[in-house]
Amino acid sequence: VVRGVVVDIDDARRTVDGAAIAVWGTGRNVRILDTTLRGNGVARAGISAQQPEGLEVRRVVVRRFTDFGIFVDANDLERGQLSSPFLIHNADVAHVGRPDPGSSNGRAEACIWIGNTGSVRRARLRSCAWTGLWTGTSTDEARIDGVDVDRAPTGVYVEHFTRDSTFRRLRIGPRVRVGLTAEWADPAWDRQPASVDNLIELSRFESWLVGVYLDEGTTRTTVRRSSFANQSWAAIGDYRGDGNVYGSNDYTGIDEGASPVRHDHISSAAEG
């Protein structure tokens with residue numbers, strides 16, 4: 001148990017692999033509570049949990065790390081279902097990025113990064129150089145509820161492989177380009193889809209280009225009972241998807257000239 005601690009790093013050499021708190025090896029059932037982590041732009045991660053079994057993170061404040069605010073990922077494609085899923089509850093994460101923002105090319109610079117079964121509830125994510133929340137590796141049956149993202153290129157990035165997961169009560173924007181994106185069926189992954197049987201609901205998207213973008217191959221992903229505002233291209237983009245569903249959404253707040261749903265690639269968007 002780590003409780004009520006402030007970790008303020010001015011030299012990454014005094015850390016384990018650049019993390020303020022590292023959870024690895026046999027470190028199961030770790031609890032990190034009421035804790036503040038400051039990376040001062042020199043440390044890689046606030047919490048780096050490569051052993052996610054039973055991890056519980058509550059009421060944490062994380063500031064100024066280069067790669068990750070909170071990283072929970074065993075980095076094992078066969079280890080999605082944990083015997084004791086992790087929990088992140090009440091996280092306030094901001095200012096995650098490298099000196100050249102976006103230079104990680106999607107491999108880092110996420111305020112929260114998850115790769116296993118677990119829950120993220122009530123997270124405030126600000127100034128994330130690549131994305132507010134990243135899901136992938138083996139994110140099976142995750143529950144995301146009450147995540148609020150602003151000042152990031154992408155609010156939520158759904159990558160290989162995110163399945164059977166629920167994204168509920170997201171609030172994204174307005175200083176976000178793409179609210180939620182599902183990665184395309186990249187040949188590097190044998191053209192397997194990144195997002196399969198996921199549900200996005202009861203959310204508010206105010207991202208300025210597109211609210212939800214389901215790229216090529218996205219399969220049986222549902223967007224429902226959500227509202228969209230400020231989008232200049234489309235509320236929802238569904239490019240070559242397979243069985244995706246979107247209904248009972250409110251599109252009245254999108255810009256004049258924008259479409260509720262488009263089926264062309266996002267590269268067709270005019271960004272002025």
Side-chain angles (χ1 to χ4, degrees), residues 39 41 44-46 62-71 73 91-115 120 123-137 139 144 147-160 162 167 170-184 186 188 194-195 198 200 203-216 218 221 223 226 228-239 253-255 258 262 264-272:
R44 186 180 66 88
V62 184
R63 293 288 187 274
R64 297 192 61 212
F65 289 86
T66 62
D67 287 12
F68 311 102
I70 301 173
F71 175 96
D73 190 349
D92 182 349
V93 184
H95 303 295
V96 175
R98 296 182 176 178
D100 180 11
S103 59
S104 66
N105 197 31
R107 295 178 175 85
E109 297 179 293
C111 280
I112 295 180
W113 174 296
I114 67 170
V120 180
R124 185 180 190 272
L125 313 178
R126 295 290 186 272
S127 299
C128 319
W130 188 265
T131 185
L133 171 68
W134 183 97
T135 71
T137 307
T139 301
I144 313 299
V147 171
D148 181 338
V149 185
D150 205 2
R151 298 198 298 273
T154 303
V156 177
Y157 204 112
V158 176
E159 200 165 330
H160 291 82
T162 305
F167 299 81
L170 304 176
R171 186 172 182 88
I172 311 294
R175 288 164 291 185
V176 173
R177 178 177 176 268
V178 177
L180 180 149
T181 190
E183 191 181 44
W184 74 303
D186 193 330
S195 174
N198 295 311
I200 303 151
S203 296
R204 173 73 171 175
F205 294 95
E206 298 182 6
S207 44
W208 58 265
L209 184 65
V210 59
V212 174
Y213 181 64
L214 310 176
D215 210 340
E216 181 177 354
T218 300
T221 295
V223 184
S226 296
F228 296 82
N230 304 329
Q231 287 79 35
S232 62
W233 183 64
I236 298 172
D238 183 4
Y239 179 68
I254 66 176
D255 288 356
R262 294 187 66 130
D264 45 339
H265 193 270
I266 194 173
S267 61
S268 69
E271 301 184 41

Exercise. Under the side-chain contact (heavy atoms from CB on, under 4.5 Å) criterion, do Phe167 and Val156 qualify, and how do the steps go?
Worked result: CA-CA 10 Å; Phe167 299 81; Val156 177; 4.0 Å; yes

For this session: Evaluate the side-chain contact (heavy atoms from CB on, under 4.5 Å) criterion for residues Thr137 and Ile114: first the C-alpha distance (whole Å), next the side-chain angles of each, then the deciding distance (0.1 Å), finally the verdict.
Result: CA-CA 8 Å; Thr137 307; Ile114 67 170; over 6 Å; no

For this session: Might you work through the salt bridge (Lys or Arg N to Asp or Glu O under 4.0 Å) test for Arg63 and Asp92, ending with a clear yes or no?
Result: CA-CA 8 Å; Arg63 293 288 187 274; Asp92 182 349; 3.2 Å; yes

Problem set entry | Stepwise side-chain hydrogen bond (donor to acceptor under 3.5 Å, both in side chains) check, Thr218 with Ser195 | CA-CA 5 Å; Thr218 300; Ser195 174; 5.5 Å; no

Problem set entry | Val96 vs Asp67, side-chain contact (heavy atoms from CB on, under 4.5 Å): CA-CA, chis, key distance, verdict | CA-CA 6 Å; Val96 175; Asp67 287 12; 5.9 Å; no

Problem set entry | From CA spacing to verdict: side-chain contact (heavy atoms from CB on, under 4.5 Å), Leu180, Ile172 | CA-CA 8 Å; Leu180 180 149; Ile172 311 294; over 6 Å; no

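Of all heavy-atom pairs between Val120 and Ala123, the closest is CG1-CB, 4.2 Å. When every heavy atom of Val62 is checked against every heavy atom of Gly46, the shortest pair comes out as CG1-CA, 4.2 Å. The heavy-atom pair separating Trp233 from Ser268 by the smallest distance is NE1-OG, 3.5 Å. The minimum heavy-atom distance between Thr66 and Gly41, with the atom names listed, is CG2-O, 3.6 Å. Nearest approach of Gly132 to Ala152, heavy atoms of both residues: N-CB, 4.2 Å. The minimum heavy-atom distance linking Ser103 with Arg98 is given by the pair OG-CD, 3.7 Å.
A donor atom on one side chain and an acceptor atom on the other are found under 3.5 Å apart for Thr135 and Thr162. Under the 3.5 Å distance criterion, with hydrogens and angles disregarded, no donor-acceptor pair is assigned to the side chains of Thr154 and Thr181.
For the pair Leu125/Arg151, no side-chain contact is recorded, criterion being any heavy-atom separation below 4.5 Å from C-beta on. Side-chain contact between Phe205 and Ile200 is present, with heavy atoms from C-beta onward closer than 4.5 Å. Residues Val178 and Ser207 fail the side-chain proximity criterion, which asks for heavy atoms closer than 4.5 Å. With a 4.5 Å cut-off on side-chain heavy atoms, Phe228 and Val223 count as touching.
Side chain of Gln231 to backbone of Asp255: no donor-acceptor contact under 3.5 angstrom is found. The backbone N or O of Ala269 lies less than 3.5 Å from no partner atom in the side chain of Arg262, so there is not a single donor-acceptor pair. A donor-acceptor contact shorter than 3.5 Å is absent between the side chain of Tyr213 and the backbone of Asp238. Judged by distance alone, with hydrogens and angles left aside, the side-chain atoms of Arg126 form a donor-acceptor pair with the main-chain N or O of Asp148 at under 3.5 Å.
Note: Phe71 and Trp113 have parallel aromatic rings, judged against thresholds of 30 and 60 degrees for the angle between ring planes.
Legend: residues meeting side chain to side chain contact (heavy atoms under 4.5 Å, CB included) with Glu159, ordered by chain and number and at least two apart, are Trp134, Tyr157, Glu183. Remark: Pro101 engages Ala129 in a side chain to side chain contact (heavy atoms under 4.5 Å, CB included) (not counting sequence neighbours).
The existence of a salt bridge linking Glu206 and Arg175 is excluded, since no basic side-chain nitrogen approaches an acidic carboxylate oxygen closer than 4.0 Å. No salt bridge links Arg124 with Asp150; every basic N to acidic carboxylate O contact stays at or beyond 4.0 Å.
The distance from atom OG1 of Thr221 to atom CG of Leu214, rounded to the nearest 0.5 Å, is 6.0 Å. Once rounded to the nearest 0.5 Å, the distance linking CZ of Phe68 with CZ of Arg107 reads 11.0 Å. Going from atom NE2 of His95 over to atom OG of Ser127 covers 4.5 Å, rounded to the nearest 0.5 Å. Between atom OG of residue Ser232 and atom CZ of residue Arg177 there is a gap of 9.5 Å, rounded to the nearest 0.5 Å. Note: Ile112 CD1 to Ile70 CD1 = 4.5 Å, rounded to the nearest 0.5 Å.
Remark: Arg171 CZ is loosely packed, at most 12 non-hydrogen atoms of other residues, nucleotides or ligands lying under 6.0 Å away.
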